[in-house]
Every structure is written in structure tokens, then in C-alpha cells.
Amino acid sequence: MEILLFGIAKDIVGRTSMDAMEFNQRPTSVAELKDKLRQAFPEFENLTSLAVAVNSEYAEDSILLKKGDEIAIIPPVSGG
Amino acid sequence: MEILLFGIAKDIVGRTSMDAMEFNQRPTSVAELKDKLRQAFPEFENLTSLAVAVNSEYAEDSILLKKGDEIAIIPPVSGG
Amino acid sequence: MEEPIIEIVANLDTSQVFGELSHPGSGGICVFTGAVREFTNKQQVVSLEFETYEKMALGEMQKIAGEASKKWELNRIVIRHAVGVKQVQDPVVVVGASSAHRDACFEACRFLIDALKKRVPIWKKEHFSDRSVWVSAHP
Amino acid sequence: MEEPIIEIVANLDTSQVFGELSHPGSGGICVFTGAVREFTNKQQVVSLEFETYEKMALGEMQKIAGEASKKWELNRIVIRHAVGVKQVQDPVVVVGASSAHRDACFEACRFLIDALKKRVPIWKKEHFSDRSVWVSAHP
């Protein structure tokens with residue numbers, strides 16, 4: 001399960017994507033993914049907000065992650 | 001004293017300008033000018049509003065008309 | 001603020017206004033363009049015709065720009081109106097303002113067009129296939 | 001309403017938007033352009049850099065256009081954002097709407113830029129002479 005990284009998330013992790021397999025246990029939900037991300041990279045705690053997109057839609061914490069999903073970490077947006 | 005006519009005022013009077021001397025008595029104020037205009041051309045009564053400009057500024061009814069003033073009849077504006 | 005751009009022209013060029021409002025201190029630029037609509041109360045418009053008392057119109061546009069620059073922190077203002085015969089979809093008026101943040105330019109832009117429509121001595125005649133009407137002249 | 005024009009581009013052309021929003025039923029066209037400001041909190045900006053999650057950004061922009069066309073009677077909508085490195089005064093975003101009367105296009109235009117800034121996955125990095133900052137990332 002590939003996880004795309006943008007903006008400051010890319011800088012914190014140091015790459016443009018990572019694989020969910022890199023965590024000890026593969027996260028099964030959006031909430032779990034956020035938790036694991038914050039554990040592995042404590043700098044995420046300092047952000048104004050942290051969202052996750054599943055298949056290019058904003059996904060609530062309760063959403064379950066399925067094999068083949070395209071997942072993206074969405075730090076605070078600042079377009080415009 | 002020349003009186004400029006625009007928009008529907010031009011159509012009502014049938015010209016682009018007239019002279020204050022055309023009235024029986026030369027109007028001495030904006031209010032008097034409006035009265036004389038309505039008497040001479042009753043169609044002015046039917047307009048939504050009627051304003052007068054003196055030296056290219058909107059002029060209240062109480063403003064006195066002096067020789068050499070540039071006077072304009074301002075029917076309801078509709079720019080934009 | 002820099003001097004506002006105030007003009008009455010035969011033909012409006014809508015492509016120039018961004019450049020005119022652009023300013024190193026402006027993060028927001030808001031532009032309103034008024035154009036000729038095909039139908040008025042379901043009646044097909046053939047053309048519109050605008051005339052103006054130019055000297056006074058330019059003076060009122062200057063005053064409106066001055067009032068806007070007192071009310072809001074603006075870097076640039078444009079007020080430009082066309083005169084003559086205009087066809088459907090032709091632009092007839094362009095007003096705009098630029099400011100550091102977007103609140104000011106949106107509010108100022110709305111003020112500019114509202115004030116222009118209320119006060120600037122410009123008159124519009126609608127030509128239909130069977131008659132012509134001075135807009136707003138009668139209640 | 002016709003299909004909205006939704007784009008992410010390397011270079012924004014501000015002169016094309018009037019033509020895109022023009023419509024025989026539109027008497028009002030409102031356009032907001034966001035541009036690079038020279039100073040942020042009194043610090044001189046060297047350049048801005050925008051990146052996006054393009055597939056999702058286009059999807060969110062489509063949704064925003066759809067919401068606007070439900071809220072207001074609009075004839076056309078444009079939402080166009082630039083990516084890459086931008087210099088002071090460069091346009092970075094253009095949003096606009098056209099409608100029969102001006103209330104709808106003004107309100108819709110404001111909604112488009114507000115929603116874009118809130119939801120569309122685009123990130124802006126400010127480059128100063130001595131450092132670079134992802135805007136809004138930290139409280």
C-alpha cells in the first residue's frame with residue numbers, strides 16, 4: 001500500500017512516498033495510519049492539522065484501508 | 001445659459017441642448033429649472049427621477065444658477 | 001494608493017485589466033465585468049447603446065475611486081466604461097481593485113460597480129427588434 | 001450550466017478568462033486573481049513554489065464548482081491554479097463565475113476562492129533569502 005507524501009509531509013519523511021509495510025504493523029484505518037505516522041515521525045505532531053486522502057478523497061478517521069487503495073498524507077493546504 | 005440634454009431628456013426635448021432663455025423667465029435655481037422643464041415638457045413628470053448637474057456636479061434643488069454655469073439635465077442613469 | 005485608472009472608451013479591452021491592477025503588494029485582484037445580455041424580461045436584445053456626459057462621468061468615477069480608497073486599503077483601482085453601440089456578450093464596463101488580502105478587493109470591487117450604476121451619468125438604450133427603450137427611465 | 005473549466009497549469013494566462021466566462025445570458029462576470037506578494041510579515045519574498053496532488057486537486061475543484069452551481073444560477077465557472085516556482089506579481093490562481101445579474105457572480109466567485117483555499121490539496125512554500133517555509137503548516 002503506497003502512501004503519497006506532499007508539502008511538509010514530504011520534507012518530514014524525506015521522500016515523496018512510502019509504503020505502509022514500513023510500519024511494524026500495516027495500519028488498517030485512517031486513524032491508525034495517522035497514529036503510526038506520528039509515532040514514526042514526531043514532527044507531524046507540530047502541524048496545524050493532518051488529513052488523509054484515500055483514492056484521492058478526504059477520508060475520515062474511521063475509514064478502513066484496503067489493499068490497492070491510493071493513500072496520501074495531506075498536511076495543511078495553502079493554495080491560492 | 002446652455003442646458004445639456006442626455007438620454008431620454010434629449011428624446012423628450014428633441015435636441016441635445018437648449019437655452020435657459022427659451023423659458024418665459026430664466027430659472028434662478030435648480031428647483032425652478034426642474035419646474036419649468038416639467039411645465040414645458042410634461043413627459044418629464046413620468047420619469048423615475050430627475051437630477052440636474054451644475055458645472056458637472058450633481059446639484060441640489062436649492063442651488064442657484066449663475067450666468068456661465070454649465071447645466072445638464074440628468075435623467076435616471078443606467079450605466080454598467 | 002497610485003492614481004486610479006478612470007476611462008470612457010469606445011471599445012473595452014478586457015485583457016489589459018490584470019496588468020493594470022497588478023502590484024507587488026497585492027495578493028488579491030478582483031475584477032467585475034458587465035456585459036450585454038441576450039434577453040431582458042424574455043425579450044431578445046438586438047443591441048445596447050450607451051451615451052455619457054463624459055466630463056461629469058469621469059468626475060464621478062474619480063470620486064467613487066477616491067471613496068473606495070478611503071474605505072479600503074487598496075493598491076490600484078480601475079474603472080472603465082464603454083460608450084456607443086454594443087452587441088450581445090460585448091463587455092460594457094470593467095471595474096476592479098487590488099489589495100494585500102482578498103476581503104478588501106472583493107468589497108471594493110462590489111462598491112465600485114454599485115456606485116457606478118447609481119451615480120455615474122451614463123445612459124443605456126436597449127434596442128429590440130420592434131422598439132428602443134432608455135433603461136430605468138420610467139418606473 | 002456548461003461544464004466548468006478546471007485546470008492546473010504551469011503558467012496562468014490572465015487574459016483568457018473573460019472569454020471563457022462570457023455567455024449570452026451573463027450580464028455579470030466576476031474574477032478573482034491571486035498573485036505573489038512581495039512581503040509576508042514584512043519579510044521580502046524571493047519566490048513562491050506550489051506543488052499539488054493533482055488528481056485529488058482537480059477532483060476537489062470539480063466538487064467546489066458543482067457546489068457553487070447548486071447555490072447560485074451560474075452560466076460559467078473557471079477555476080485554474082498554477083504550480084511551480086512563481087515570482088512577485090505572478091498570478092497563481094484565477095477563479096471566476098458569470099451569471100445573469102451581479103449578486104450571484106460576486107458571491108460565487110468569493111465562495112470559489114474561499115473553498116479552494118480551504119480544501120484543494122495545493123501547497124505553497126515561501127522562499128525568503130535565508131530560509132523556506134511551507135505556508136500554514138504550523139500554528
Side-chain angles (χ1 to χ4, degrees), chain B residues 1-20 27 29-30 33-35 37-80, chain C residues 6-9 12 32-37 40 48-64 79-84 86 90-95 109-127 131-139:
Chain B
M1 204 177 343
E2 193 186 23
I3 300 170
L4 305 175
L5 301 164
F6 294 99
I8 198 167
K10 189 182 61 178
D11 287 4
I12 291 173
V13 179
R15 282 177 283 160
T16 61
S17 72
M18 59 185 294
D19 196 287
S29 70
V30 168
L33 170 60
K34 287 183 185 175
D35 282 346
L37 203 64
R38 291 192 187 104
Q39 281 162 25
F41 305 95
E43 272 193 71
F44 278 107
E45 300 274 14
N46 303 328
L47 300 188
T48 314
S49 66
L50 185 64
V52 167
V54 176
N55 299 323
S56 68
E57 303 268 350
Y58 281 107
E60 311 247 311
D61 281 358
S62 59
I63 297 288
L64 299 181
L65 304 180
K66 299 182 303 293
K67 219 180 153 181
D69 280 345
E70 180 175 295
I71 295 167
I73 304 302
I74 311 288
V77 302
S78 49
Chain C
I6 305 286
E7 281 181 359
I8 290 177
V9 296
L12 265 187
F32 175 82
T33 306
V36 181
R37 276 199 302 151
T40 294
L48 292 191
E49 194 172 348
F50 289 88
E51 69 168 52
T52 185
Y53 178 16
E54 184 161 340
K55 183 168 48 166
M56 179 177 173
L58 293 171
E60 288 295 318
M61 286 152 79
Q62 279 287 356
K63 283 185 213 165
I64 290 167
I79 307 178
R80 183 178 284 123
H81 205 293
V83 288
K86 302 295 154 194
D90 280 351
V92 298
V93 61
V94 174
V95 299
C109 187
R110 182 66 202 246
F111 169 82
L112 294 175
I113 187 64
D114 288 355
L116 180 146
K117 283 175 170 269
K118 204 177 291 171
R119 293 161 41 182
V120 177
I122 296 174
W123 297 272
K124 171 166 47 190
K125 200 171 198 170
E126 282 177 333
H127 295 297
R131 71 204 153 82
S132 296
V133 177
W134 285 107
V135 176
S136 305
H138 295 105

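Model, not experiment: these values are computed from the prediction. Proteins come first, then strands; the chains are lettered A, B, ... in the order of their sequence lines, and each starts at number 1.
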To check you understand the geometry: which heavy-atom pair defines the closest contact between B:Ile8 and C:Ala137, and what is its length?
CD1-CB, 3.8 Å
Given heavy-atom pairs under 4.5 angstrom as the criterion, report whether the side chain, backbone, both or neither of C:Val92 touches chain B.
side chain
Specify the closest pair of heavy atoms between C:Pro139 and B:Leu47, including all atoms of both residues, with the distance to one decimal.
CD-C, 4.3 Å
Pairs table: donor-acceptor atoms between chain B and chain C closer than 3.5 Å:
unit_1  : atom_1 : unit_2   : atom_2 : d
B:Gly7  : N      : C:Glu51  : OE2    : 2.7
B:Lys10 : NZ     : C:Glu51  : OE1    : 2.4
B:Asp11 : OD2    : C:Lys125 : NZ     : 3.1
B:Asp11 : OD2    : C:Trp134 : NE1    : 2.7
B:Thr48 : N      : C:Ala137 : O      : 2.7
B:Thr48 : OG1    : C:Ser136 : O      : 2.8
B:Thr48 : OG1    : C:Ala137 : O      : 2.8
B:Thr48 : OG1    : C:His138 : N      : 3.4
B:Thr48 : OG1    : C:His138 : O      : 3.4
B:Glu57 : OE1    : C:Lys63  : NZ     : 2.4
B:Tyr58 : OH     : C:Arg119 : O      : 2.5
B:Glu70 : OE1    : C:Lys55  : NZ     : 3.0
B:Glu70 : OE2    : C:Tyr53  : OH     : 2.5
B:Glu70 : OE2    : C:Lys55  : NZ     : 3.2
B:Pro75 : O      : C:Trp123 : NE1    : 3.0
B:Pro76 : O      : C:Trp123 : NE1    : 3.4
B:Ser78 : N      : C:Ile122 : O      : 2.8
B:Ser78 : OG     : C:Lys124 : N      : 2.9
B:Ser78 : OG     : C:Val135 : O      : 3.4
B:Gly79 : N      : C:Ile122 : O      : 3.2
B:Gly80 : N      : C:His81  : NE2    : 2.8
B:Gly80 : O      : C:Lys124 : NZ     : 2.9

Side chain from CB out, backbone as N, CA, C, O: work out which of these in B:Ile74 comes under 4.5 Å of a heavy atom of chain C, or both, or neither.
both
